[in-house]
Amino acid sequence: MGVQVSLMSICTAFAKYFASGYADPRKDMFMLTSCTLMLTDDEFGTFLKEINE
C-alpha cells in the first residue's frame with residue numbers, strides 16, 4: 001500500500017507541474033529516473049548533454 005501511495009504522490013506532482021502553465025522541463029532540467037543523482041546544475045547539464053549525444 002505504501003508504494004502505491006508514493007507512486008500516486010509522484011504522479012500528482014507531475015500532473016501539477018505540467019498543468020501549471022509554467023512547465024519547462026528542459027529549463028528546469030526535469031527528469032524522471034529510478035536513481036538519485038547528487039549533482040550540481042553544471043554537472044547535471046553535462047550529464048544531459050552526454051546522454052543526448
Side-chain angles (χ1 to χ4, degrees):
M1 179 77 168
V3 172
Q4 291 172 327
V5 171
S6 295
L7 291 174
M8 286 304 295
S9 176
I10 292 168
C11 184
T12 300
F14 267 89
K16 285 181 181 179
Y17 174 77
F18 286 106
S20 72
Y22 300 103
D24 188 348
R26 183 170 290 195
K27 178 184 144 292
D28 296 333
M29 294 190 283
F30 190 64
M31 184 172 137
L32 178 65
T33 182
S34 61
C35 65
T36 302
L37 301 175
M38 303 298 289
L39 304 172
T40 64
D41 284 351
D42 289 336
E43 291 169 333
F44 188 64
T46 300
F47 169 75
L48 290 177
K49 180 181 174 196
E50 290 175 3
I51 286 176
N52 289 318
E53 289 175 352

| request: List for me each residue that meets side chain to side chain contact (heavy atoms under 4.5 Å, CB included) alongside Thr36, sequence neighbours excluded, and say none if there are none. | output: Met38

| Can you list every side-chain hydrogen bond (donor to acceptor under 3.5 Å, both in side chains) pair that touches residues 2-11, not counting sequence neighbours? | none

| said: Restricting to non-hydrogen atoms, name the atom on Ala23 and the atom on Pro25 that form the minimum distance, rounded to 0.1 Å. | reply: C-CD, 3.8 Å

| query | Could you give the distance from CG (Asn52) to NZ (Lys49), rounded to the nearest 0.5 Å? | reply | 10.5 Å

| Crowding at CG, Asp24 (>12 non-hydrogen neighbours, <6.0 Å) | yes

| task | Determine whether Val3 and Met8 fall in the same hydrophobic cluster, where Ile, Leu, Val, Met, Phe, Trp and Tyr are linked whenever their side-chain heavy atoms lie under 4.5 Å apart. | result | no

| Given the rule that I, L, V, M, F, W and Y join up when any side-chain heavy atoms are under 4.5 Å apart, are Ile51 and Leu39 in one cluster? | yes

| Pairwise distance OG1(Thr12) to CG(Leu7) - rounded to 0.5 angstrom | 10.5 Å

| Residues in ring pair (Phe, Tyr, Trp, His ring centres under 6.0 Å) contact with Phe30, at least two apart in sequence or another chain | Phe14, Tyr17

